[in-house]
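For reference, the structure discussed in these notes is given below.
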Amino acid sequence: MTGTGIRLQAPAPGWAIDADVVVVGSGVAGLTAALRCTATGLRTVVVTKARLDDGSTRWAQGGIAAALGEGDTPGQHMDDTLVAGAGLCDEDAVRALVTEGPDAVRRLIATGARFDTDDTGTIELTREGGHHRRRIAHAGGDATGAEISRALVDAVRDRAVRTIENALVLDLLTDADGRTAGVTLHVMGEGQHDGVGAVHAPAVVLATGGMGQVFSATTNPAVSTGDGVALALRAGAEVSDVEFVQFHPTVLFLGRDAEGQQPLVSEAVRGEGAHLVDADGVRFMVGQHELAELAPRDIVAKGIMRRMREQGVDHMYLDARHFGAAMWESRFPTILAACRTHGYDPVTEPIPVAPAAHYASGGVRTDLRGRTTVPGLYACGEVACTGVHGANRLASNSLLEGLVFAERIADDIAAHRGRAGAPVPHPAPRALPLLAPSSRSRIQHVMTAGAGVLRSAASLAAAAEALDAIHAEAAGDTGSGEHKAGVPGVESWETTNLLCVARVLVAAARRREETRGCHWREDHPDRDDAAWRRHLVVRLEPDRSLDVRATATHDFPPTDADAGAGAAGQAPDATRAPGAAEARTAPATPSTTEAPADASAPAAVKPTEAAEAPAATEATAAAKATAATEAPAAAKAPEAAAEAAAAEATPAPTTPADAPREP
């Protein structure tokens, strides 16, 4: 895999430090990786965009899912995860998550995290959407992320891990062989380092979080501008499943024009018995799914949107008045305070709610050790696509994924520690035209209108055209002499990253002509396993066009690291179940390179055309997976076994910064 030669326009680094590994991000994934790398003796540097505790993790309300309760098993957790993922989860990745998860949580507790317990000291577990058992551990009632962040930040400081705060990472450095050699970054404000510099290291771990700020209303903090995905694309890495953006069903509705980070009303509120109702008090989710309000998030979000459209309104209600004041104050104090801050009292009235952008189920494509398609570059947490989430993430699996795969990454780096080659400048590097910060809100409005909860060919085409116009204005290619380029700086770099991930998201969403998981196409309302039970993989080309291709089956193709020692001089991944390696090496369908003038143009080749060879086994698996999101998890175990066998054979108010987020 070679880089694109495309870089953000920025001054040359004026300072540099050396390390064995640089971790970019300070959420649960980043800090877990940093602590484990440090414990093995690796010189570790953590780079974070704001303060150590300012990432998405601290906004997580609901908790962390793991089979910790009596009678619960990793197998049951796996069943629920596969059902939520709507046929696109990688079973080996899910198996790693659920089997290693309980011990990873115990190690988190040993690090200092304090979860809520009963009088006997047993961890209290709640239930959330898509889970058939109570398996969500929580802290501070509804402040789980804040507690996990506190524990990990304290541990990082206690162990004197080197950190660089208030630093935006710009681009990946590579050596003469194309291997990772570190990153460039810009440090804001005063400190030991200021301005643009570099951290030289043979291993880089991206743990930069999500891209929620690409939409007008989101539960994500302001720092979630897709920086990691954009960096990886410029470095030549592949991304996958980016069309699957999860819109959380119950975000506090602050008005049609509300923008920025919105207050979340945790799924755990429904887990404790709250009901979704319309203005007449009718529970509209009853009868739509066996779990009603506790169906997987994509199903609940669609149920809310359908009811809103039927009634011509812009929100529904969450009714938990029957909890009483005492329960609200003890179990959900953060949500209670947020609601009251905005003029609603859930003790005495239903809470107005509507879906908002919440979580990127896709991201930078990795193998089971977190290795990307660029040698030495790793990714974990929301920035990564490990295959765990498929088309829709199961509630509270995100924190667990961060823990489990961060540990796997650290172990792989420690086992294959190397020395970084000297970074070499790319021949004739091509600097991206920087966008003016004022383009940020334009991108957000375009994406919300065209690529939000409801999508269609027309809406996505309009979004692609508008995004191309924004890009053309920055590049001065409008033909009118109009030029709206930005100057190097944090806001311009962030806005440029947002445009990059927006164009990739729209390109993938246009290509996937079906409704699956959290991708809802109004013009293709049905799930189509025969044509679309497969992944879309996107790569940025040196001419800035997008290479969009579909995999031949629902299994991921291998990363270079998967295929053998070629990419990173490492041994092939031996952690998969028997047959999985063969399944992952299935050839992908022909790719479609989309013109740089319109990087979101519709693909010319349908993925079914080259996927007919394995039709017998794939069709069998696809038929068995039909309507998987509607079936009880208990009924999915035989289906999962059958599929494994088949694979083996083949201007508005901005919400205050205390708005919480759910894992």
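Just so it is clear, the model here is predicted, and its values are computed rather than measured. Heavy-atom basis, side chains included; hydrogens, waters and symmetry copies ignored.
Annotation: side-chain hydrogen bond (donor to acceptor under 3.5 Å, both in side chains) contacts of T448 (sequence neighbours excluded): S216. Looking at residues two or more places apart in sequence or on another chain, you find a side-chain contact (heavy atoms from CB on, under 4.5 Å) between D314 and F253, R256. By the side-chain contact (heavy atoms from CB on, under 4.5 Å) test, A406 pairs with T32, A33, C380, sequence neighbours left out. Partners of R440 by salt bridge (Lys or Arg N to Asp or Glu O under 4.0 Å), not counting sequence neighbours, listed by chain and number: E494. With sequence neighbours excluded, the residues forming a side-chain hydrogen bond (donor to acceptor under 3.5 Å, both in side chains) with H315 are Y317, listed by chain and number. Residues satisfying the side-chain contact (heavy atoms from CB on, under 4.5 Å) test with S438, not counting sequence neighbours, are A436. Scanning for side-chain contact (heavy atoms from CB on, under 4.5 Å) contacts around T48 gives S26, L52, E165, with sequence neighbours left out. Scanning for salt bridge (Lys or Arg N to Asp or Glu O under 4.0 Å) contacts around E401 gives an empty result, with sequence neighbours left out. Remark: E491 pairs with no residue by the salt bridge (Lys or Arg N to Asp or Glu O under 4.0 Å) rule, at least two apart or across chains.
Side-chain atoms of R297 and C518, non-hydrogen and from C-beta on, never get closer than 4.5 Å to each other. Between V504 and M211 there is no side-chain heavy-atom pair separated by less than 4.5 Å. Between T559 and T366 there is no side-chain heavy-atom pair separated by less than 4.5 Å. In this structure, H358 and F215 have side chains that are not in contact, with every pair of non-hydrogen atoms separated by 4.5 Å or more.
Neither side chain, Q246 nor D298, offers a donor N or O lying under 3.5 Å from an acceptor on the other. Side-chain contact, E128 with S396: a donor N or O sits under 3.5 Å from an acceptor N or O.
Counting only residues at least two apart or on different chains, no salt bridge (charged side-chain N to carboxylate O under 4.0 Å, His left out) pair has a member in residues 212-224. Evaluation of the salt bridge (charged side-chain N to carboxylate O under 4.0 Å, His left out) test over residues 216-229, restricted to residues two or more places apart or in two chains, returns K49-D227.
Rounded to the nearest 0.5 angstrom, Q444 CD and S439 OG are separated by 11.0 Å. Here OH of Y359 is found 10.0 Å from CG of N220. Values are rounded to the nearest 0.5 Å. With values rounded to the nearest 0.5 angstrom, M316 atom CE is found 13.5 Å from T250 atom OG1. The distance from the OG1 atom of T219 to the CD atom of Q261 is 7.0 Å, given to the nearest 0.5 Å. For the atom pair CG (L454) and CZ (R309), the distance works out to 5.0 Å, reported to the nearest 0.5 Å.
Contact check on R549 versus E238 returns a salt bridge, with a Lys/Arg side-chain nitrogen under 4.0 Å from an Asp/Glu carboxylate oxygen. Look at R521 and D523 and you find a salt bridge, because one of the NZ, NE, NH1 or NH2 atoms lies within 4.0 Å of a carboxylate O, short of that distance.
The one candidate from I64, V388, T81 that meets the side-chain contact (heavy atoms from CB on, under 4.5 Å) condition with L400 is I64. For the salt bridge (Lys or Arg N to Asp or Glu O under 4.0 Å) criterion with R516, the lone passing option out of D241, D528, D529, D526 is D529.
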Distance-only donor-acceptor pairs under 3.5 Å for side chains of residues 228-235, two or more places apart:
residue : atom : partner : partner atom : Å
R234    : NE   : D171    : OD1          : 2.6
R234    : NH1  : N497    : OD1          : 3.0
R234    : NH2  : L170    : O            : 2.8
R234    : NH2  : D171    : OD1          : 3.3

